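Working notes for the structure below.
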Amino acid sequence: MTRPYVIDRMISAKEIAARVEALAKEIETAFSGTDKLVVVGLLRGSFVFIADLVRELDLNVEVDFLEVSSYGNELESSREVRILKDLRGEINGRDVLVVEDIVDTGFTLNHVVAYLTAKNPARLETIALLDKPSRREIDIKATWTGFEIPDEFVVGYGIDYAQRNRNLPYIGKVRFTG
Ligand code: IMP
Ligand code: MG
């Protein structure tokens with residue numbers, strides 16, 4: 001069950017689109033020599049971000065997905081990360097970009113990077129739409145970050161609270177009213 005809440009707008013759809021465009025340019029430059037970039041989205045929170053990001057990338061791109069255990073209906077990380085759905089393709093010897101929605105404690109990204117590094121990619125970089133540096137428990141940072149945000153629980157643009165609000169076109173913060 002979730003407590004009653006309202007959503008206060010934090011980052012507009014326009015601001016997100018501008019930032020995604022700028023990030024895509026940086027990624028294109030960083031991977032300019034690649035024959036193929038495997039873009040790995042972490043399900044489910046990154047699905048909107050990865051969709052917008054790959055459409056801005058003028059590179060030969062393959063899209064794959066990885067699902068790791070999530071918060072369930074909680075606001076806090078379990079700090080235990082399990083692979084629920086593995087990649088379909090091989091990344092051995094490939095250039096890989098991992099796409100995450102939010103880096104919070106850092107447990108998820110840290111685990112995913114270790115897991116994928118063991119598959120021997122040629123190069124592995126990471127991008128997170130949002131970063132909450134004040135919440136970090138593991139010293140890790142994505143190669144690229146969209147926006148640094150304060151310690152607020154956010155929804156929208158793919159990100160959920162108990163599976164709700166993923167379809168909001170902007171990022172908003174959850175404010176409990178009850
Ligand atoms: P971490 O393992 O604590 O870094 O958590 C990262 C994951 O927690 C992200 O992939 C998100 O799915 C989820 N998460 C962290 N903060 C929020 C939030 O404010 N709203 C929704 N999900 C969040
Ligand atoms: Mg997630």
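For ligands, and for the atoms within them, numbers begin at 1 and follow the listed sequence. Since we're looking at a predicted model, the values are computed, not measured.
- Within the listing of ligand 1, atoms 1 (P), 2 (O), 3 (O), 4 (O) sit less than 4.0 angstrom from a heavy atom of Thr105.
- Ligand 1 has no atom lying under 4.0 Å from any heavy atom of Leu109.
- Taking a cut-off of under 4.0 Å to the non-hydrogen atoms of Val154, the atoms of ligand 1 that pass are 18 (C), 19 (O), 20 (N), 21 (C).
- Atom 19 (O) of ligand 1 has its nearest heavy-atom neighbour, among Lys132, Arg166, Arg44, in Lys132.
- Ion pairing between a basic and an acidic side chain is recognised when a charged N comes within 4.0 Å of a carboxylate O; Asp64 and Arg88 show no such pairing.
- Between the side chains of Glu15 and Ser12, at least one donor N or O sits under 3.5 Å from an acceptor N or O.
- Proximity to Asp160 (heavy-atom distance under 4.0 Å) selects the following atoms of ligand 1: 21 (C).
- A cation-pi geometry, defined here as NZ or CZ lying under 6.0 Å from the six-membered ring centre and within 45° of its normal, does not hold between Arg166 and Phe47.
- Summarising the contacts of atom 9 (C) of ligand 1 with Asp101, Asp151, Leu42, the nearest heavy atom is found in Asp101.
- Looking at Ser134 and Asp151, their side chains never bring a donor and an acceptor atom within 3.5 Å of each other.
- Against a heavy-atom cut-off of under 4.0 Å, Glu100 is close to the following atoms of ligand 1: 9 (C), 10 (O).
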Candidate pair Asn165 and Tyr5, rule side chain to side chain donor-acceptor pair (under 3.5 Å), full reasoning
CA-CA 12 Å; Asn165 312 121; Tyr5 63 93; 2.6 Å; yes
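- Side-chain contact annotation: Asp52 with Tyr157, donor-acceptor N/O pair under 3.5 Å present.
- If you look at Arg135 next to ligand 1, there are no close heavy atoms at all, none under 4.0 Å.
- Look at Lys173 and you'll find every heavy atom at least 4.0 Å from all atoms of ligand 1.
- Ligand 1 has Gly106 within reach: a non-hydrogen atom of the residue lies less than 4.0 Å from it.
- Every N/O-N/O distance between Ile159 and ligand 1 stays at or above 3.5 Å.
- Electrostatic pairing of Arg136 and Asp139 does not count as a salt bridge here, judged by no charged N lying under 4.0 Å from a carboxylate O.
- For Glu137 and Thr105, the side-chain atoms include no donor-acceptor pair closer than 3.5 Å.
- Across Ile102, Ile149, Thr108, heavy-atom proximity to atom 23 (C) of ligand 1 is greatest for Ile102.
- Proximity to Phe107 (heavy-atom distance under 4.0 Å) selects the following atoms of ligand 1: 2 (O), 4 (O).
- Less than 4.0 angstrom separates some heavy atom of Glu152 from each of these atoms of ligand 1: 19 (O).
- Taking the six-membered ring for Trp and thresholds of 30 and 60 degrees, Phe31 and Trp144 have ring planes inclined between 30 and 60 degrees apart.
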